[in-house]
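Remarks on the structure that follows.
So you know, we letter chains A, B, ... as the sequences are listed, proteins then strands, and number each from 1. The figures here come from the full heavy-atom set of this structure, side chains too, leaving out hydrogens, waters and symmetry mates. Please read all numbers here as calculations on a predicted model, not as lab measurements.
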Amino acid sequence: MSWALPKEVEEKVDSLVGRYPQPRSAVVMVLHALQEHFGCISPEAIEWTARKLGLRPINVLELVTFYPMFRREPFGRFHLRICRTLSCALAGSHQLHRHICERLGLNPEKPGPQTSADGLFTVEFVECLASCGTAPVIMCNETQHEQMTIEQVDKLLDECRCKCRTERQGGLAAEHGFEP
Amino acid sequence: MPSERHLILKNIRKPGYSTDIECYLRHGGYQALRKALALQPVAQPDGTAIGPKEQIRREVEISGLRGRGGAGFSCGMKWSLVDRKSGKPIYLVCNADESEPGTFKDRQIIHRDPHQLIEGMIIACYANDVHLAFIYIRGEFIEGARILERALEEARAAGFLGRNILGTGYDLDIYIHRGAGAYICGEETGLIESLEGKRPYPRIKPPYFPAVLGLYQCPTIVNNVETLCAVKHIVDMGGAEYARLGTPDNTGTRLVCISGHVKRPGCYEIEVGKVTFRDLIFDEAFGGGLHDARQLKAIIPGGVSAKVFRAGEKVRVTKRAADGKMFETEMDVLDLPYDFTSVSAAGSMSGSGAIIVLDDSADMVEVLANISEFFAHESCGQCTPCREGSLWMAKILRRLAKGNGQPADLALLLSVADQIPGGRTICAFGEACSWPVQSLLVKFGDEFRAKVQATADKRPDRAFAEVQ
Amino acid sequence: MIAERPTLKLVDRLYLTAAWNGFKVTLRHFLGRKVTMQYPEERWAVPPGYRGAPYLVRDQTGRTKCVACQLCEFICPPRAIRVTPPGPAVDPSTGNVEKRPRQFEINMLRCIYCGLCQEVCPEEAIFLMQDYSLTGCSREEMVYDIEKLLALGGVHHDHVRKWDRVRREAAAQETFPPQTAS
Amino acid sequence: MKQSQQSNDPLASPPGMISVTVDGRTVLVPRTMPDWQGRQVPTTMLQACELAGVTVPHYCYHPKLPVAGNCRMCLVEYGVPALGPDRKPVRQPDGSLVIKKSPRPAIACATPVSPGMEIYTSTPTVKLMRQSVLEFLLINHPLDCPICDQAGECKLQEYSVEYGRASSRFAETKVHKNKQIDLGPRIMLDQERCILCSRCIRFTRDVVGDDALGIINRGSYSAIAAYPGTTFDNNYTLNTADICPVGALTSKDFRFQMRVWFLKETMSLCASCGTGCNIVIGSRENCIYRFTPRQNDAVNSCWMCDYGRLNYRWIERTDRLTRPGGSKLTSPDWEDAINGIAAALKKAVPGHIAIVASARLTNEELYLVRRLAQFLGAPTDCVPRSGPADNLLLCADRNPNTKGAQLLGIAASPPGVNLPVFARLIRNGTIRSLLVFGEDVTRHGITADDLARLDFLAASDIHTNGTTAVSHYFLPGCAHVEKRGSFTNVHGRIQRFEKAVDPPGLARPELHWLRELVCRVTGQSMGGTVESVFEAMRAEVPAFRNIAWADLGDHGVATHG
């Protein structure tokens, strides 16, 4: 599969680069844009970014491997970030993590992000999400869920599954020319 | 009766308040900016004149505003150190990389009142002749970045940003720069490196003082979100008036984030120095007390890197009496007023204003292991003591928490923690990662000793097990 | 200091007493218990700690323990040891022990059995064994090569096995932070 | 009274100098010193300590690289004169300064000195800080010194012995990274051994301009890496193995070949181009194992190119000439060969003889050729050699001594311009005799057929070649590592080199037999050592006037050419 960047993403990247006195500054923002579009940062994305900003690929790889928010493998449809730092841990985030892992058939002892077998969920323990007042917090994709309990987690997982099902049906309907 | 004193949170707490610029303008938004831009040179007795920009800087200096990011460095002093003669452009970066565990104050401002930050930033930029500024927002604030992005668009459309702001001929652009999950980007030189598109390795000082050699080797000001919001209020009310709030060394209001084992965790705005730990934890206006049947065990006073206070601990602080004389007094830690000076006099720091309350259900070994793992994960790895020491401490603590400790581990842990701080590392991360270890081991030594004793008794010698 | 030469009396100068004293020793041994050994039919029981010929050993997995650090070659007083390092080619079979000697020779005619090679070896790969009788028909034959040294050395039952531990540790390495059981 | 007080006052130093005290010894140091690029910047504590004769251990600092300040090994304590409320230094009653000790240590490599500063490098605190940095560096460092090629020249080993703890307190599992990473055609990386000093990154980025290396991951898991799929392949990669303070970056060429403590170190020069980089030859038992650069700020700083560094294998080739020979020589005997050539040369008629010498010969050898040529009235020239130059060290002129050959009048201007003329004159019968020293003229325009027309052909070289194959007499020469002498580099700097290994077989340095030949042909007598030939040369050749052999020292001097 050849690697191609849609025009609108490239335009967005161009506008990002234009903000900075030195193009190199834009590298993290460009990587965010690429990850948003592709779901992960592939070697092609690294090389493209380096070319775009006049850098060497290693300069970009240095950053991709430094920042935990960048991923080099695609994640599941729903990315669950569970805060593991003190306030959330005191409020029971480890129990939530264990519960989620057990429900999704993942190993709670295994470090690093894990994706469920159906490819729907990626579960990751992350450091402080800066919402300690509403601990424990879980980020599902870009939405933050606060003061989570086991019941709410179950509800969240079901909602995600449900949402995914309608998405699939919607996609199917669109294929067949139906209104969803 | 202690209560909140709202300045920054004034509008946020109003029902129906939204992030729109219309809403902000309805609530008196951008009036401080108009005031600042309308300032005229003031003639001095000696015939010279003080320009409007210098007037704002003086107001900030008079206000006694201390940076709200953690170090509590005087904002006016920071601005005065900027090299204005170099001929290079001056940059301002708003540090919105809120990442000290326990802190969530900037989140309130960004998510609920972004224009307040933008207004404060424009004023700060104007006062310092900045024409390009950045908001470095932590990567996890995806929604926050979106809100700020929209707010900046609105401000631009309303003529508060861009070329020729409000017809004064002043140009300024502010851009959002997102991080991607690194605590070290909260350190100002690490933040600058990150903004330059490099690994966020803090720079060595000397020679890289941001005020002289900052972003792109140009003079740079890095201010916290809350500090910049305070600038707006200082211009609004005047530096002297602002200084009347709080105590002489700790002026104004401060956002305090209370989390952990309290009934009402949250972000509260207080007049600095007028509220004690006891008020913050137990008063109904603030934390609302512990959960039922729980006893207070420990207070982490300024984010997890601060040294911990044990409940019932007596601290010695030097106070200024009414007649101006200094005297030393001993008090319960709960009676300590929450301000930079008192908390640091008591041997810790108020840092970013994050109080984490621990009750007697907390296992201190587990707490310290959690904190140490945070630091081991966040150490950037540039300089030796912190890179190796933070992970070493975390590994020992995880082993202790799992019940594989030995009595000798505690002395070792303390000795490792002693080898990291005290200016041996490039940035203050070295202090941050070892202070919790040092303070918890000393103040909760019994708990640690009990834990290792319980496990060491029934385990064979580790080295022996290795050989087998 | 100058030693005074004793003045001999007549009886001394006849040497008869001296000869008789000598005879007494001979007679005592002639009549007493025999202490000589009928070598080579009879062999001596070598005491532990005896420093015989140095040989190379393998560990329990059959791996040559020597990593060609050449410290023995450096320390050897009579320069009896000659190690040929393996050169830059990567040998995938060596795992994390990247190096082993391509050739290892000990000139047993030069060896003085001082034991410094065993002392200095950081890998416990060379030991002075109990062989004390080395013979050969030519000088070349007395230069033992690596195959011969390893065959003579046999297996060393190593308790530490540091390279295996390193390998196991690396394979089991967890990324940070380790998960908490709570 | 006032006078003497002022002379002792650290704050009253001569202009451009600063008085600082290192471990109780007061020294005057320059206010500014050259940084890695040679720009004058404020003198650092580390430089001041060095001037005071005190070594401050360090890993990341390198005088020829930008300062990183990340290893924290060079932390020292210091104090500065205390200032009173009037911003003036406070003095003791006896006039000496009151020193306020800084509560925090400072890295000596990046902190500038100030007047009156006191630096303490041997306090218990400093020792403890070094010990703890070493402990931290070692906890995740594999203890595979017996395998590691750096052993013996490893800063981690050296400082551990000097400042480290006797035993380890680390009971956890180590962080494991990758070993045997193929970074490029000449460099192998072991990430576990790396102490992340970033010297290699800074060198390749800031000195070479090839930003090929970086640090991936973070915290204790950080590791040096090149981008996957790219190779670290500039012409200076092997310098990173030199500056690597540990065994993380190793030269594939030298890898697992020989322990460094066996190597005999010989001061020499690189002969692969006209730059004349100063090198150290590492050899053992007549076998060369490696070339490493030797610092000479006037020539090569601390670096040398990979091309020159690896250009030594030809010395051990099997087609070396190991004895005199040729169609007119019956036995491989030096005496017969020299006599035969001398006899032929005595018969040669001026104008009918030419000499081709090599710009790879030393100044002294070329001077002997010059004497011969002057006596015989023979025109001379050298064979030019060129290749692409780069912007750092590698020079387009691939002969080490073209400048010397020009100064001595051996090389035409430009070098090689006479070679076609010689060929023509051979073909038309004007040139009847030809002497070739150290070159194969059949590859430079004079064909074997042309050579066959000659009445007399004598040649010398290191390897057998087209010219020696058809010559009446040929003599075996020496590679520069097998002899002593001096080269003049393209910038006119004359530098000397020493002998590292013995020549093979009967081969003898050119200087020896050229001198004999000159003596026999001209009837003059002359000393046989390099020094005496050099003496004679400097008396005769203006470019070398007033330069004595001893003046050359380790770093050479500029000629007057």
Do you know which of [options] has the most heavy-atom pairs under 4.5 Å to chain A?
options: B:Glu100, B:His261, B:Arg264, B:Arg138; result: B:Arg138
options: B:Asp106, B:Ile300, B:Ile356; result: B:Ile356
options: B:Leu132, B:Asp173, B:Ile176; result: B:Ile176
options: B:Gly102, B:Ala180, B:Gly139, B:Pro101; result: B:Ala180

Is [X] in contact with chain A via its backbone, its side chain, both, or neither, using a 4.5 Å heavy-atom distance?
X: B:Cys185; value: side chain
X: B:Ile174; value: neither
X: B:Lys198; value: both
X: B:Ser194; value: both
X: B:Phe141; value: side chain
X: B:Val367; value: both
X: B:Gln108; value: neither

Exercise for the section: Output the distance between atom CZ (A:Arg24) and atom CD (B:Glu196), rounded to the nearest 0.5 Å. Expected result: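 Interatomic distance, A:Arg24 CZ to B:Glu196 CD, rounded to 0.5 Å: 8.5 Å.
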Problem - Inter-residue atom distance A:Glu127.CD - B:Tyr183.OH, 0.5 Å rounding - result: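 It comes to 11.0 Å.
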Handout entry: Contact class of A:Gln35 relative to chain B, heavy atoms under 4.5 angstrom
Key = neither
Problem - Interface moiety of A:Pro21 toward chain B, non-hydrogen atoms closer than 4.5 Å - result: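 A:Pro21 touches chain B through backbone and side-chain heavy atoms alike.
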Keeping the roles fixed (side chain from [X], backbone from [Y]), state whether a donor-acceptor pair exists under 3.5 Å.
X: B:Asn370; Y: A:Arg84; answer: yes
X: B:Arg178; Y: A:Met29; answer: no
X: B:Arg199; Y: A:Asn59; answer: no
X: B:His377; Y: A:Val126; answer: no
X: A:Ser87; Y: B:Ser259; answer: no

At their closest point, which heavy atom of [X] faces which heavy atom of [Y], and how far apart are they?
X: B:Leu195; Y: A:Ser25; answer: O-OG, 2.7 Å
X: B:Ala182; Y: A:Phe66; answer: CB-CE2, 3.8 Å
X: A:Ser131; Y: B:Phe104; answer: CA-CB, 3.9 Å

Tell me whether [X] at atom [atom1] has more than 12 heavy atoms from other residues, nucleotides or ligands lying less than 6.0 Å away.
X: A:Lys155; atom1: NZ; result: no
X: A:Glu159; atom1: CD; result: yes
X: B:Gln295; atom1: CD; result: no
X: B:Arg13; atom1: CZ; result: yes

Exercise for the section: Find the one option among A:Thr143, A:Leu90, A:Val27 whose heavy-atom pairs under 4.5 Å with chain B are most numerous. Expected result: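 Heavy-atom pair counts peak at A:Leu90.
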Handout entry: Partner chain B: residue of A:Pro68, A:Ala135, A:Cys132 with the largest heavy-atom pair count (under 4.5 Å)
Key = A:Cys132
Handout entry: Ring centre gap for A:Tyr20 and B:Phe134 strictly below 6.0 Å
Key =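 Under 6.0 Å, so yes.
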Problem - Audit row: A:Arg19, B:Glu149, salt bridge (charged side-chain N to carboxylate O under 4.0 Å, His left out) steps and yes/no - result: CA-CA 13 Å; A:Arg19 293 174 171 189; B:Glu149 200 78 74; 3.0 Å; yes
Practice task
Check each of B:Glu143, B:Glu140, B:His111, B:Arg107 against A:Gln144 using the side-chain hydrogen bond (donor to acceptor under 3.5 Å, both in side chains) test, and report the only one that passes.
Solution key: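 Of the listed options, the one satisfying the test is B:Arg107.
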